[in-house]
Engineer: 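Could you have a look at this structure, given as C-alpha cells, before my questions?
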Amino acid sequence: MGKGGQSNEENMAAWLLGINTLKIQPFKLPPLGPHDVKVRMKAVGICGSDVHFLKTLRLADFVVKEPMVIGHECAGIIEEVGSEVKNLVPGDRVALEPGISCWRCNLCKEGRYNLCDEMKFFATPPVHGSLARQVVHPADLCFKLPDNLSLEEGAMCEPLSVAVHACRRADIGPETNVLIMGAGPIGLVTILAARAFGAPRIVIVDVDEHRLSVAKDLGADGVVKVSTNMQDIPEEVESICKVMGAAVHVSFDCAGFSKTMSTALTATRAGGRVCLVGLGHNEMTVPLTPAAAREVDIIGIFRYKNTWPLCIELLSSGKIDVKPLITHRFGFSQEEVEEAFETSARGGNAIKVMFNL
C-alpha cells in the first residue's frame, strides 16, 4: 500500500524493447512471498552492461529475446515486508544485491553463490531489472543503510562490490603494489577499494586524458597514458614500471582486451597476480607462456559474493568515498531515461549516471 494516496498508482518501469528502444511502461509486480520485501526504488545507476544490452540486445551469452526491465545498481525504501521477514520494517532504507542464487547447488553450498548456474540476476535476460517504481526482492538481499549514507551511495555498493570482490580474490594488502588497466567506472572504484585494502602504491593506465585526471583526483599515485597499439606494449610497460617506482605485485585488467591483458601480464613481476575484471573481448591473444614461466597467476572474477556489508562499512566509515564518481543525475521520465542512457553511452566526462526516482 503506497503512502499519501498512492495505493492505486500504477507501477511503471523502464523496459528494453529493442535495439536503442527504451519505454516507460506498466510493470506488474510478482506476489510478495513470506521472505520478500517490496521496495520503492529511489536511486538506480547505469552500468556499462545496461548500455551494451541497449545497443546490441546481448552481452556474452546473455541475449534479450523479449522485453525486459533494465537496471541493477539500486537502492530504495522498504514499503512492505513478507510475513516471515524479521530484520527489516517499512521505512528502512536499503541497498539491494541484485542476484538471487538457488542455495541448493554445490557452488552455493561452498559459498561461491556468484557462480550459481541458476542465478536470477536483475536485468540479465530473461530476468527483469530494477529501473522501476517498485520491485519485490528477497529480504536477505536487502541491506539496511546507516543514516550517514545516501540512497545514491547505497546504489553504488553494486559497482563497488565488483572491486571489493576483485581485491579479495587478488589478496590485496599493505604489501601489494597495484596496477589498474582502464580508468572507466570499475577501474576507478578499484582504486578506492585497493586503497581501502591497504595497497601502498596504485598506478592506473588508460587511453583517455580526462579519465586519468579523475583517477589522480581519486588518489592514484601515478597515471600512464597509453595507445591502443599492440606494438607500443614494451615501451608502455617501461613507463608503467618507472611510474610505479617498484615492483607491480598485482594487476587488475578492468578493460579486458588483448592489449590490456598483454600489458598486465608483461608488467606484473615474477610470482605476481593478474586479475581479469573487464570482459571486453571474449577471446584474446596474450603472451601466456612467458607469463606462466614467471609464475604469474591469472585470476578471474565474476560479479561478487558477500560484499554488501563490507561495502556499507567502508562507505559509512569514510574509508571510501564514491560520491565524486556520480557525475550525472536524471529523473524518471521517458525523455530523461533516453537522455541518461545516451549520456552514459557517450562516455566523455560521464562516469556514473544515476536516476533519482
Side-chain angles (χ1 to χ4, degrees), residues 45 47-49 72-73 75 95 97-99 114 143 145-146 148-150 152-206 211-212 214-223 244 248-256 260 264 268 272-279 297-327 351-352 354:
C47 169
S49 66
H72 62 267
E73 303 177 357
E97 180 172 348
N114 56 313
F143 297 86
L145 293 170
N148 69 337
L149 287 189
S150 68
E152 286 189 337
E153 289 169 287
M156 288 296 290
C157 285
E158 199 279 341
L160 182 57
S161 284
V162 174
V164 163
H165 182 52
C167 285
R168 281 177 174 166
R169 288 268 293 150
D171 201 16
I172 299 302
E175 294 179 342
T176 43
N177 294 324
V178 168
L179 168 66
I180 298 170
M181 306 299 300
I186 293 297
L188 296 174
V189 286
T190 303
I191 297 175
L192 301 175
R195 185 66 85 216
F197 273 66
R201 276 193 73 69
I202 301 169
V203 170
I204 191 159
V205 169
D206 201 277
R211 289 273 160 114
L212 290 175
V214 173
K216 202 92 170 101
D217 292 343
L218 288 173
D221 297 293
V223 298
M244 182 68 82
V248 175
H249 300 105
V250 176
S251 293
F252 292 104
D253 182 355
C254 296
T260 51
T268 304
R273 295 180 287 286
V274 173
C275 181
L276 179 56
V277 181
L279 304 173
D297 294 340
I298 298 174
I299 304 159
I301 71 149
F302 186 59
R303 294 176 180 151
Y304 32 66
K305 61 186 177 77
N306 303 315
T307 50
W308 259 253
L310 178 56
C311 288
I312 289 169
E313 166 57 32
L314 290 169
L315 291 169
S316 70
S317 65
K319 289 192 178 77
I320 287 182
D321 180 10
V322 287
K323 294 192 288 294
L325 295 174
I326 304 166
T327 52
I351 300 171
K352 183 55 65 181
M354 188 73 70

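Keep in mind it's a predicted model, so treat the numbers as computed, not measured. Note that the numbering runs from 1 along the sequence shown for the chain.
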Engineer: Going through the distances and angles, do Val205 and Leu179 end up as a side chain to side chain contact (heavy atoms under 4.5 Å, CB included)?
Structural biologist: CA-CA 8 Å; Val205 169; Leu179 168 66; 3.7 Å; yes

Engineer: Just by distance, with hydrogens left out, do Glu158 and Tyr304 show a side-chain donor and acceptor under 3.5 Å apart?
Structural biologist: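 Side-chain D/A pair, Glu158 to Tyr304: present.
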
Engineer: Nearest 0.5 Å please: distance from the OG atom of Ser251 over to the CE atom of Met181.
Structural biologist: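 Answer for the OG-CE pair, Ser251 versus Met181, is 7.5 Å.
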
Engineer: Looking only at non-hydrogen atoms, find the nearest pair between His72 and Ser49 and report the distance.
Structural biologist: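 The answer is CE1-OG, 3.3 Å.
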
Engineer: So how far is it from Ser161 OG to Glu97 CD, rounded to the nearest 0.5 Å?
Structural biologist: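 It comes to 7.0 Å.
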
Engineer: Does the side chain of Pro185 reach to within under 4.5 Å of the side chain of Arg211, using non-hydrogen atoms?
Structural biologist: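 Heavy-atom side-chain distance check passes, below 4.5 Å.
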
Engineer: Taking the side chain as every heavy atom from C-beta outward, state whether Lys323 and Glu153 have any atom pair closer than 4.5 Å.
Structural biologist: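 Yes - at least one pair of side-chain heavy atoms lies under 4.5 Å apart.
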
Engineer: Looking at His249 and Asn177, would you say the former's side chain and the latter's main chain have a donor-acceptor pair under 3.5 Å?
Structural biologist: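 Between the backbone of Asn177 and the side chain of His249 there is a qualifying donor-acceptor contact (under 3.5 Å).
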
Engineer: Contact between Leu145 and Ile312 at the side-chain level, heavy atoms closer than 4.5 Å - yes or no?
Structural biologist: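 Result yes, sub-4.5 Å side-chain heavy-atom pair found.
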
Engineer: Is it true that a side-chain atom of Asp221 and a backbone atom of Ile202 form a donor plus acceptor pair closer than 3.5 Å?
Structural biologist: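 It does hold such a pair.
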
Engineer: So do Arg201 and Val178 actually touch side chain to side chain, heavy atoms under 4.5 Å?
Structural biologist: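 The answer is no, as the side chains (C-beta and beyond) never meet within the 4.5 Å cut-off.
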
Engineer: Walk me through whether Leu218 and Leu192 qualify under side chain to side chain contact (heavy atoms under 4.5 Å, CB included).
Structural biologist: CA-CA 7 Å; Leu218 288 173; Leu192 301 175; 4.2 Å; yes

Engineer: Where the side chain of Asn114 meets the backbone of Phe302, is there a donor-acceptor pair that is under 3.5 Å apart?
Structural biologist: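 Judged by distance alone, yes, a pair lies under 3.5 Å.
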
Engineer: How close do Ile191 and Ala215 get, heavy atom to heavy atom, and via which atoms?
Structural biologist: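 Taking every non-hydrogen atom into account, CD1-CB, 3.7 Å.
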
Engineer: For the CD1 atom of Ile299 and the CG atom of Asp171, what is their distance to the nearest 0.5 Å?
Structural biologist: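 Between atom CD1 of Ile299 and atom CG of Asp171 there are 8.5 Å.
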
Engineer: Looking at CE of Met156 and CD1 of Ile326, how far apart are the two atoms once the value is rounded to the nearest 0.5 Å?
Structural biologist: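 Met156 atom CE to Ile326 atom CD1 measures 5.5 Å (nearest 0.5 Å).
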
Engineer: Among Leu276, Ile204, Ile172, find the one that has a side chain to side chain contact (heavy atoms under 4.5 Å, CB included) with Phe252.
Structural biologist: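 Per the side chain to side chain contact (heavy atoms under 4.5 Å, CB included) rule, the option paired with Phe252 is Ile172, out of Leu276, Ile204, Ile172.
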
Engineer: Given side chains that start at C-beta, do those of Asp253 and Cys275 come closer than 4.5 Å, heavy atoms only?
Structural biologist: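 Asp253 vs Cys275: side chains apart.
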
Engineer: Just wondering, more than 12 heavy atoms not from Leu279 lying within 6.0 Å of its CG?
Structural biologist: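 12 or below, so no.
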
Engineer: Tell me whether Asp206 contacts the main-chain N or O of Leu212 through its side chain, where contact means a donor paired with an acceptor under 3.5 Å.
Structural biologist: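 No; judged by distance alone, with no hydrogens or angles, the pair does not exist.
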
Engineer: Do the non-hydrogen side-chain atoms of Arg303 and His165 ever get within less than 4.5 Å of each other?
Structural biologist: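 They are not in side-chain contact.
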
Engineer: Could you tell me which non-hydrogen atom of Pro159 sits nearest to which non-hydrogen atom of Val189, and how far apart they are?
Structural biologist: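 Heavy-atom minimum between the residues: O-CG2, 3.7 Å.
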
Engineer: Are any of the side-chain heavy atoms of Arg168 and Phe197 separated by less than 4.5 Å?
Structural biologist: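 Yes, close enough: below the 4.5 Å cut-off.
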
Engineer: Passes side chain to side chain contact (heavy atoms under 4.5 Å, CB included), Glu152 versus Lys352? Steps please.
Structural biologist: CA-CA 11 Å; Glu152 286 189 337; Lys352 183 55 65 181; over 6 Å; no

Engineer: Checking side chain to side chain contact (heavy atoms under 4.5 Å, CB included) against Ile186, which of Val277, Leu160, Ile180 comes through?
Structural biologist: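 Considering Val277, Leu160, Ile180, a side chain to side chain contact (heavy atoms under 4.5 Å, CB included) with Ile186 is found only for Val277.
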
Engineer: Looking at every non-hydrogen atom in both residues, tell me the closest pair between Arg273 and Ala170 and how far apart they are.
Structural biologist: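 Arg273 and Ala170 have their closest heavy atoms at NE-O, 2.8 Å.
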
Engineer: Taking all heavy atoms of Gly154 and all of Ala95, pick out the closest pair and write down the distance.
Structural biologist: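 That closest heavy-atom pairing would be O-CB, 3.4 Å.
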
Engineer: Give the minimum heavy-atom separation between Ser317 and Leu314, together with the two atoms involved.
Structural biologist: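 Heavy atoms of Ser317 and Leu314 come nearest at OG-O, 3.2 Å.
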
Engineer: So Thr268 and Val250, do their side chains get closer than 4.5 Å, heavy atoms only?
Structural biologist: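 A side-chain contact is absent here, since even the closest heavy-atom pair is not under 4.5 Å.
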
Engineer: Could you tell me whether the side chains of Ser316 and Asn148 share a donor-acceptor contact shorter than 3.5 Å?
Structural biologist: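 Distance-only check fails for Ser316 and Asn148.
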
